[in-house]
Novice: 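Let me begin by handing over the structure; questions about it come next.
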Amino acid sequence: TFTYERNLKTTWGCDSIVRLELTVCPVYTNIEVNASIRDVDAPYIYPMPENYRWGDIPENQRTFYNSGTKTINLRSVAGCDSTVSLVLEIRPTYTVLTQPNNVRYGETKCEGGPFESGLWATIVATPTPNYHFVQWSNGSTDATTQVRVVGNATYTAIFAPDEYKVTTGVNIDTMGTVSPSGLHII
């Protein structure tokens with residue numbers, strides 16, 4: 001801040017004092033801000049830095065839906081202009097779905113989500129009574145397993161009915177009959 005004063009006299013002898021107070025604002029240009037969000041968290045609304053105000057900038061001019069470099073012009077509370085380059089990355093997310101091969105045979109679920117590429121998702125298969133888990137459609141034989149997310153995917157759990165071996169025969173004392181006799185898989 002600089003103050004300049006000068007006393008002036010008119011031709012009629014009147015005194016005047018001229019005072020100039022000059023405040024020089026620092027110039028903040030080419031501020032670079034990096035931001036990264038998941039696509040499910042979009043849009044990104046640029047937050048106001050401390051000591052700045054939006055002035056006449058409407059929210060739709062500071063709300064971003066796509067990745068890229070955005071230029072934002074700001075004015076500080078002291079009236080100084082600044083230019084911000086916002087480098088925004090909106091990362092894609094993916095959905096992992098699960099399904100049973102027959103809804104009467106069991107249930108499935110995927111824990112968490114949505115997922116970014118490269119993360120792991122846990123999928124779970126739970127058989128209903130009298131059925132058992134065989135494998136997932138990706139070949140995994142673990143009822144609870146992890147799959148790496150690289151895009152949207154659906155995994156099917158293969159369930160099968162439980163098998164019981166029953167051997168039948170005739171009771172000699174009661175002279176009953178069984179038809180058919182022998183080994184039966186139920």
Side-chain angles (χ1 to χ4, degrees), residues 31-50 54 57-72 84-186:
I31 299 170
E32 186 170 299
V33 176
N34 292 303
S36 182
I37 63 169
R38 300 179 317 156
D39 59 0
V40 293
D41 298 325
Y44 177 80
I45 300 176
Y46 183 76
M48 177 52 62
E50 191 176 324
W54 284 114
I57 301 174
E59 185 170 313
N60 68 345
Q61 291 182 15
R62 58 187 170 99
T63 302
F64 305 104
Y65 294 88
N66 301 309
S67 296
T69 301
K70 321 296 183 190
T71 301
I72 304 168
V84 174
S85 289
L86 170 65
V87 180
L88 179 61
E89 174 193 19
I90 297 181
R91 301 180 313 274
T93 56
Y94 302 100
T95 302
V96 175
L97 301 175
T98 61
Q99 62 189 17
N101 61 323
N102 185 318
V103 294
R104 293 179 306 168
Y105 292 3
E107 297 178 346
T108 63
K109 68 177 179 176
C110 177
E111 297 175 346
F115 301 94
E116 293 181 43
S117 183
L119 295 180
W120 291 92
T122 300
I123 56 177
V124 180
T126 307
T128 56
N130 301 316
Y131 295 89
H132 64 277
F133 172 76
V134 177
Q135 71 178 34
W136 286 100
S137 55
N138 67 351
S140 173
T141 56
D142 295 323
T144 299
T145 190
Q146 290 193 320
V147 292
R148 183 174 287 276
V149 178
V150 294
N152 293 326
T154 300
Y155 296 90
T156 302
I158 309 300
F159 295 101
D162 290 341
E163 294 180 355
Y164 302 95
K165 293 182 181 181
V166 177
T167 301
T168 60
V170 177
N171 183 332
I172 296 178
D173 295 332
T174 59
M175 297 305 224
T177 61
V178 176
S179 178
S181 63
L183 177 64
H184 304 280
I185 298 177
I186 301 174

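Hydrogens, waters and symmetry mates play no part in the numbers below; they use all other heavy atoms, side chains included. Heads up: numbering here begins at 1 and tracks the sequence.
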Novice: Using only atom types and a distance under 3.5 Å, with no angle test, would you say the side chain of R148 pairs donor to acceptor with the backbone of W120?
Specialist: no
Novice: At what distance, to the nearest 0.5 angstrom, does NZ of K109 lie from OG1 of T144?
Specialist: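 That separation rounds to 8.5 Å.
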Novice: Taking side chain as C-beta onward, heavy atoms only, is Q99 less than 4.5 Å from L97?
Specialist: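 Result no, sub-4.5 Å side-chain heavy-atom pair not found.
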Novice: Please check if the side chain of T156 supplies one atom and the backbone of P100 the other of a donor-acceptor pair under 3.5 Å.
Specialist: no
Novice: Are side-chain heavy atoms of R104 and T128 found at a separation under 4.5 Å?
Specialist: no
Novice: Do I123 and T108 make a side-chain contact, defined as non-hydrogen atoms from C-beta onward lying under 4.5 Å apart?
Specialist: no
Novice: Does any donor atom in the side chain of T122 or Q146 lie under 3.5 Å from an acceptor atom in the other side chain?
Specialist: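 Distance-only check passes for T122 and Q146.
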Novice: Does C110 reach the side chain of F115, with side-chain heavy atoms less than 4.5 Å apart?
Specialist: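 With C-beta onward as the side chain, the pair touches.
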Novice: For P127 versus A125, what's the shortest heavy-atom pair and its separation?
Specialist: CD-O, 4.0 Å
Novice: If you compare all heavy atoms of R38 against all heavy atoms of P114, which two are closest, and at what distance to 0.1 Å?
Specialist: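 So the two residues come closest at NH1-O, 3.6 Å.
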Novice: CG/D162 to CG/N130 distance, rounded to the nearest 0.5 angstrom?
Specialist: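 Spacing of CG (D162) from CG (N130) equals 6.0 Å.
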Novice: Out of curiosity, E89 CD to T69 OG1, how far, rounded to the nearest 0.5 Å?
Specialist: 11.5 Å
Novice: For R91 and S36, does a side-chain donor sit closer than 3.5 Å to a side-chain acceptor?
Specialist: yes
Novice: V147 vs N138, test: side chain to side chain contact (heavy atoms under 4.5 Å, CB included). Steps then yes/no.
Specialist: CA-CA 9 Å; V147 292; N138 67 351; 3.6 Å; yes
Novice: Centres of the Y105 and F159 rings: under 6.0 Å?
Specialist: no
Novice: Quick check: do Y94 and L119 have side-chain heavy atoms less than 4.5 Å from each other?
Specialist: no
Novice: Within a 6.0 Å radius of atom CD on Q135, are there more than 12 heavy atoms belonging to other residues, nucleotides or ligands?
Specialist: yes
Novice: Minimum heavy-atom separation for W136 to V124, with atom names?
Specialist: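 Minimum heavy-atom separation between W136 and V124: CZ2-C, 3.6 Å.
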